[in-house]
Amino acid sequence: MSNRFSVDLRLGQLSLPLCVVAGQVFRWQQLGEGNWVGVDGSHWYRIREGGLRLNVESNAGPDEFSELFRLDWDEREINAKLLEIDSDLEPYMSSLRGLRLMRPSDPVETFFCFLCTPNNNVTRITGMVRTLGAFGEPLTDGLTVFPTVERVAEIPEAELRAKGFGYRGGTIPRIAQELLGRGGADYLHELKSASYEGAHAALCSFNGIGPKLADCIALFALHHTEAVPVDTHLWQAATRLYFPQWRESALTDLKYRAIGTFFRERFGKLAGWAHQYLFYDNLLNWRSRR
């Protein structure tokens with residue numbers, strides 16, 4: 001069964017392409033000009049862009065779509081608040097109008113998607129996520145629900161390595177087994193209700209999850225919007241804007257913590273939203289700034 005509905009947007013309210021290619025989600029693809037297909041948890045979406053209207057076919061409804069793209073957060077208020085705090089963000093925000101901090105519905109899916117990201121690029125991550133997704137139950141027309149924790153834990157390391165996962169072919173099933181020992185999907189749902197600090201510490205206690213990966217999971221899977229993943233791109237942006245004294249030095253654990261603390265003290269619950277602008281701008285433009 002599918003629903004058809006349209007979403008009418010204000011100028012700058014939502015750019016679907018920016019949101020789904022900006023390293024927040026990895027189960028979307030473009031099928032021709034203005035046509036997109038994607039999966040979020042148990043929901044599939046086919047979307048056709050038409051100016052300021054999105055025409056959507058899905059097994060979800062408008063409420064689930066709004067949740068996913070966080071349309072209940074007014075970007076005009078958020079952007080005004082960010083610029084009130086720091087006007088230096090203006091060029092990044094202006095060049096990425098419609099980029100929003102997304103709210104994926106299934107923490108299990110997002111947890112394992114981000115386990116594919118360390119030392120990797122978006123193209124390879126997307127391919128790995130597609131491979132993992134194929135272990136799930138069918139949804140429609142070749143799309144699948146992401147596999148359960150139990151199913152991921154059963155995947156042989158050799159099978160994933162043969163499909164190009166490298167060392168992640170071992171870490172992903174092993175972390176799935178460790179997650180099962182802590183309660184599986186229920187454990188991740190519980191971490192959504194924990195404090196950011198508590199959730200981050202719990203994630204870092206997994207063998208193979210470090211501070212940056214824990215922050216990615218906290219931000220996108222658990223919706224702790226004060227999380228700030230400090231990868232190469234955020235590090236370059238942060239040292240360009242806020243920590244020029246560190247521009248020629250390496251990112252250390254101490255500096256990682258200092259940058260995260262700085263963003264949380266400066267932007268509060270909007271730290272993750274500010275991060276998304278700076279991260280994606282640098283991802284697009286780092287070569288021209290070298």
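What you see below is based on every heavy atom in this structure, not just the backbone, and it leaves out hydrogens, waters and symmetry mates. Starting from 1, each residue takes its place in the sequence as its number.
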Ignoring hydrogens and geometry, is there a side-chain-to-backbone donor-acceptor pair from [X] to [Y] under 3.5 Å?
| X | Y | value |
| --- | --- | --- |
| Arg4 | Ser58 | no |
| Thr131 | Gly127 | yes |
| Arg27 | Thr144 | yes |
| Asp40 | His43 | no |
| Asn285 | Asp281 | yes |
| Asn59 | Trp44 | yes |
| Ser6 | Leu54 | no |
| Gln276 | Leu101 | no |
| His224 | Leu191 | yes |
| Ser95 | Tyr92 | yes |

Over 60° means perpendicular and under 30° means parallel, so tell me whether [X] and [Y] are parallel, tilted or perpendicular.
| X | Y | value |
| --- | --- | --- |
| Trp28 | Tyr45 | parallel |
| Tyr187 | Phe206 | perpendicular |
| His275 | Phe279 | parallel |
| Trp235 | Trp246 | parallel |

Return yes if a side-chain donor-acceptor contact under 3.5 Å exists between [X] and [Y], otherwise no.
| X | Y | value |
| --- | --- | --- |
| Lys255 | Thr239 | no |
| Arg70 | Thr225 | no |
| Asp88 | Tyr242 | no |

Taking the side chain as everything from C-beta on, heavy atoms only, tell me whether [X] gets closer than 4.5 Å to [Y].
| X | Y | result |
| --- | --- | --- |
| Ile172 | Cys116 | yes |
| Asn79 | Trp273 | yes |
| Cys113 | Met128 | no |
| Leu89 | Phe267 | yes |
| Val21 | Val122 | no |
| Phe69 | Met102 | yes |
| Ser105 | Glu64 | no |
| Trp73 | Arg103 | yes |

Do [X] and [Y] belong together in a cluster built from hydrophobic side chains that touch within less than 4.5 Å?
| X | Y | value |
| --- | --- | --- |
| Val37 | Val56 | no |
| Ile125 | Leu18 | yes |
| Phe135 | Leu115 | yes |
| Leu16 | Val39 | no |
| Phe114 | Val129 | yes |

Could you give me the CA-CA distance, side-chain angles and deciding distance for Ile47 and Val7, then say whether side-chain contact (heavy atoms from CB on, under 4.5 Å) is met? CA-CA 10 Å; Ile47 302 177; Val7 180; over 6 Å; no
More than 12 heavy atoms of other residues, nucleotides or ligands under 6.0 Å from [atom1] of [X]: is that the case?
| X | atom1 | value |
| --- | --- | --- |
| Glu33 | CD | no |
| Arg151 | CZ | yes |
| Glu90 | CD | yes |

Quick check on side chain to side chain donor-acceptor pair (under 3.5 Å): which of Asp141, Asn55, Asn35 does Arg46 satisfy it with? Asp141
Test log, rule side chain to side chain donor-acceptor pair (under 3.5 Å), inputs Tyr277 and Asn282: CA-CA 9 Å; Tyr277 279 123; Asn282 203 80; over 6 Å; no
If I compare all heavy atoms of [X] with all of [Y], which pair ends up nearest, and what's the gap?
| X | Y | value |
| --- | --- | --- |
| Pro229 | Tyr256 | CA-OH, 3.7 Å |
| Leu14 | Cys19 | CD1-SG, 3.6 Å |
| Gln30 | Gly34 | NE2-N, 3.6 Å |
| Leu278 | Ala237 | CB-CB, 4.0 Å |
| Ala227 | Ala218 | CB-CB, 4.0 Å |
| Asp8 | Gln13 | O-OE1, 4.2 Å |

List the steps, then state whether side-chain contact (heavy atoms from CB on, under 4.5 Å) holds for Leu203 with Leu222. CA-CA 11 Å; Leu203 292 167; Leu222 307 180; 3.9 Å; yes
Chi angles and distances behind the side-chain contact (heavy atoms from CB on, under 4.5 Å) call for Phe220, Val25: CA-CA 8 Å; Phe220 297 113; Val25 293; over 6 Å; no
Find the distance between [atom1] ([X]) and [atom2] ([Y]) and round it off to the nearest 0.5 Å.
| X | Y | atom1 | atom2 | answer |
| --- | --- | --- | --- | --- |
| His200 | Leu219 | NE2 | CG | 11.0 Å |
| Ser87 | Met93 | OG | CE | 10.5 Å |
| Leu179 | Arg174 | CG | CZ | 12.5 Å |
| Leu96 | Leu284 | CG | CG | 6.5 Å |
| Ile78 | Arg76 | CD1 | CZ | 11.0 Å |

One pair to check against side-chain contact (heavy atoms from CB on, under 4.5 Å): Ile175 and Val152. What are the steps and the verdict? CA-CA 9 Å; Ile175 290 176; Val152 177; over 6 Å; no
Between [X] and [Y] (salt bridge meaning N to carboxylate O under 4.0 Å), is one present in this structure?
| X | Y | value |
| --- | --- | --- |
| Arg266 | Asp86 | yes |
| Lys212 | Asp231 | no |
| Arg264 | Glu226 | no |
| Glu75 | Arg97 | no |

Does anything in residues 159-169 pair up under salt bridge (Lys or Arg N to Asp or Glu O under 4.0 Å), and if so which pairs, sequence neighbours excluded? Glu157-Arg161, Glu159-Lys163
Pairs involving residues 181-210, ordered by first then second residue, that meet salt bridge (Lys or Arg N to Asp or Glu O under 4.0 Å) (sequence neighbours left out): Glu178-Arg182
Taking the six-membered ring for Trp and the single ring otherwise, decide whether the centroids of Phe262 and Phe243 are under 6.0 Å apart. yes
